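Nothing here was measured: the structure is a model prediction, and the numbers come from that model. Order of appearance sets the numbers: ligands from 1, and atoms from 1 within every ligand. Counting begins at 1 with the first residue of the sequence.
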Amino acid sequence: MKILAVSDKEDIQLQDFILKKSSTFKDLDFIISCGDLAKNYLEFLVDSLKKEFFFVEGNHPLLHKCESKHYLDKIVTKVYEKDDHFIIGGVNLHARLEIYGDYIIVGFEGSMRYNPGKFQFSEKEMSAIVNKIEDKIRIKNFIDFILRRKKKKIIVVSHAPIAGVHDKEDLCHRGFKCFEKFLKKFKPLIWFHGHVHYEGQMNEQISKVDKTLVVNVYGFHIVNIVDDKIEIISNIKNFSNL
Ligand SMILES: [Fe+2]
């Protein structure tokens, strides 16, 4: 399975590559956004690649309209509608469980509460949402067990990081402890998050935590999953490797 994950930063090189060689992405299964991206950037990706789209909102919802000439003329549909589904079929994953083939995809929007703005949660508020998702996963796993179906692997999409993994000490960028508990209990295959921008010379932030690969998407990552083997491309120059 191949996923294009985007978050937090519009990537000109990715846009250029898609405009020149969108056919290279024809075997992509879906696009994931971890939030804090311009509406028309997402529209460009979905319109160009014509793939299913799953997203969570960041703490800066409906962010600035990106004005790069690279893709403004490519917009043909409006992506955002309300806070639920996109007109073109994108799915807001927040507090939702979606089934995609052998995978369960769940999502958590926003960040730790640091002011009265939208899409912010206290640890207690997010913990209540995580608990509901845990119950839904248990029910799904139980049904699959009874029907002797293969147990599904879990993919998590959050805007905020997990406590202690890629997070920072300030309240805004602090990770959620309930995410850490969820990871230890359910051992997702992969956890995509955004919100934390790289500093210095770092060009990627990917960590193995227990059995889960935690990817700070910042920009974009192309992820290829074959069984439990995961290959990740974070630079378009390396795209031919997949
Ligand atoms: Fe953010």
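When ring centroids are compared, F53 and F30 stay outside the 6.0 Å threshold.
The cationic atom of K9 (NZ for Lys, CZ for Arg) lies less than 6.0 Å from the six-membered ring centre of Y218 and within 45° of the ring axis.
For D16 and K20, the salt-bridge test fails: no basic side-chain N is under 4.0 Å from an acidic carboxylate O.
Side-chain atoms of D11 and Y41 include no donor-acceptor pair closer than 3.5 Å.
Geometry about the Fe ion (ligand 1) gives an angle of 90° between OD1 of N59 and ND1 of H195, rounded in steps of 10 degrees.
At a cut-off of 2.8 Å, C172 does not coordinate the Fe ion (ligand 1) through any N, O or S atom.
The Fe ion (ligand 1) is closest to atom OD2 of D36 (considering only N, O or S atoms).
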